[in-house]
Amino acid sequence: MKCPLFTGLSFLILPSIEPPRVQFIVKLIEANGGSMVDSLINDTVILINDTFVESHTLRKSELFHSEWSYDEELWYKLVSNEQLEFFKLSWLSECLKHQKLLDKADFRARLMEEDNGNSNSPHVDAISIETQSSAEDTEVEDQTLDFDVQTELLKSDANVMASQSVIEDTSESKSTVKPNLALTRALEQLFKKYRLQGDTYRARGYQLALQSIESHDKAITSEQEALSLPNIGPSIASKIQTILKLGSLPGLNEADKNEELLDYFMACHGVGAQTARKWVSNGITSLTEALKAYPSDFTWNVLFGWRFYEDWSVKIPREECADHLALMEKALRDVDSSARIVLTGSYRRGAATCGDIDTVLYKPGCDDIWTLSQILEKLVLRLKGMNYIRCPLNLNHALGQEFKPMIETLTHAAGFHESYVSGPKEVLKKFYFGGKLPSNTTHGLSKTEQQVPRLKFEDSLMSESDQNTHCRRVDILLSRWSQLGAVMIYFTGNDDFNKSLRIRATKRGWKLSNNGLYQSNANTEKKDLLIESFDERRIMSLLGVVWCPPEERNIKGYI
DNA sequence: AGGCTGTACTG
DNA sequence: CAGTAC
DNA sequence: GCCT
DNA sequence: GGTTG
DNA sequence: CAACC
């Protein structure tokens, strides 16, 4: 008498042992001395139902998860543990058929579907970083790497000033003296001009030069003096020379019809520099004309941009952001009581008015994007049901179905007849949309009427505007629990603050993104190694930046 | 000469 | 892939 | 555009 | 006790 | 949720 085949082995079968076929196999396992478990015991053999495996990789993950019959905790453990191995359930059937334990190698499977980015283990401690340990916690720049400490210090001092003045600037700024007004005005014009033309880096060049001059509180009197400032090179210095001599830069003050038009078009969500430039250079002067001449430029995204053109050019009072949050929080509680949504962006930086409403959605302990995505989907559905969401700006497959009627109404209004086909993506990592509070919630009637782009009359037919409440741009970004710090940094900004951090990361051979701080392995085919992604403070500290609260991240230029 | 923040979504 | 947006 |  | 990770 | 302020 031999021992039964599976004596002493424990098995875990995913995603569920409910299906009759699996039930049958379970009986066979137990008949052969094996045991079933529903959590991770030592040396448990983890098997995946073959219907969910294709070429050693998980497929039909949507179905897989809807059939999941274990607790969320287990899923979390399975995805986060890099050591674990998974095999196809057919291995077991084969063993039974041959009455012996076969080599499992051919039956190997991976749990993560497509995941071409980085699957990270949440609880990993930072890899050893002895090579640059000095930055940790001592809030001092390490001397070894910085040959340009002086410049850096100068710049950062200047930026502290700049950011403070920005905060106070919200009301009045007569205390600030501007000795180089002629220069900064010209540079600003050049910056705008090149940005409008889509010449990003030239524009950036002028923007940085502009900021250099703004933070230089003495009047500039010579080309030489200008040249000595950071980000001012021969070309700009010579232009400055000209301005000093003639009082202005020839051919710059004429208000340019084309630039105005570019501005007009680019204020529409979805219309960028390339598209606008194409239209303008072909003599188009209104959205209506553009629609006729270039219908294919008008994706449903752009059409929504058009519909809410005016609403989305209006700043949002800080208090209203909180109202939006409250509304979403309430809906979220019904979807998943442990999930959280928080305000980031300019709101978190303390701004009195915000261009849009940025939020981050997460669930403590949850690193599984699929779960988070489900929560987001349900939340969106509820918000849509409340008539809060007035238009989506990106979709996955499921939501594509839900919003199909809305989108088709829109494209039909624009004169298109093809029906909308939703994309194939299953998971939502973010959701951008237009949201409008119920009219009784109206906060302060904006008494500070801002100067705002208005649609030309002939373009106003596609638009929807309402004096009482505005439709607002709202962004929801998902965050894995283990990456919350990196996501908060990214989505709190501001842009220049992010650029600064990311440049500092590159200088150290690292890579900072919304996913975390990694040691970049660009050439070697190995995956980037995680340094830190959870702790906002530690990321900044590793990059040699003294921790600062969001209100102080309102910087201009680099730190 | 080549970089300039780095990533996700649309069509 | 280009274009757009964050 | 400027910087390395 | 609310905020942050 | 747990640790923190």
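Each chain gets a letter, A, B and so on, in the order the sequences are listed, and its residues count up from 1.
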Among C:dC6, B:dC9, B:dC4, find the nucleotide with the atom closest to the side chain of A:Lys430.
B:dC9

B:dT7 phosphate, OP1 or OP2, under 4.0 Å from A:Arg502 side-chain N/O
no

Of the candidate nucleotides B:dT10, B:dT7, B:dT5, which contains the atom at the shortest distance from the side chain of A:Asn515?
B:dT7

Short side-chain N/O contact from A:Trp481 to OP1 or OP2 of F:dC1, under 4.0 Å:
no

Can you tell me if A:Ser513 touches the phosphate of B:dT7, counting only side-chain N or O atoms and a distance under 4.0 Å to OP1 or OP2?
yes

Ignoring backbone atoms, test whether A:Thr299 places a side-chain nitrogen or oxygen under 4.0 Å from the OP1 or OP2 oxygen of B:dC9.
no

If the plane angle is over 60° it's perpendicular, under 30° parallel, otherwise tilted; pick one for A:Phe433 and A:Phe431.
parallel

When the distance from CD1 of A:Ile489 to P of B:dG6 is rounded to whole Å, what number comes out?
14 Å

In terms of relative ring orientation, are A:Phe298 and A:Trp306 parallel, tilted or perpendicular, with 30° and 60° separating the classes?
tilted

Have a look at A:Val271 and say if it touches a base, only the backbone sugar-phosphate, or nothing, with a 4.0 Å heavy-atom cut-off.
sugar-phosphate

Verify the contact: side-chain N or O of A:Tyr432 to OP1 or OP2 of B:dA8, cut-off strictly under 4.0 Å; return yes or no.
no

Sugar-phosphate, base or nothing in reach of A:Gly272, heavy atoms under 4.0 Å:
sugar-phosphate

Could you work out which one of B:dA8, C:dT4, E:dG5 sits closest to the side chain of A:Leu484?
E:dG5

For A:Arg202 and D:dG1, is the shortest distance between a side-chain N/O and OP1 or OP2 below 4.0 Å?
yes

Expressed as a whole number of Å, how far does the C1' atom of B:dT5 sit from that of C:dA5?
14 Å

For A:Tyr309 and A:Tyr264, take the angle between the two ring planes, folded into 0 to 90°, and tell me which bin it lands in: parallel under 30, tilted 30 to 60, perpendicular over 60.
tilted

Ring-base stacking, A:Tyr201 with B:dC4 (5.5 Å, 30° cut-offs):
yes

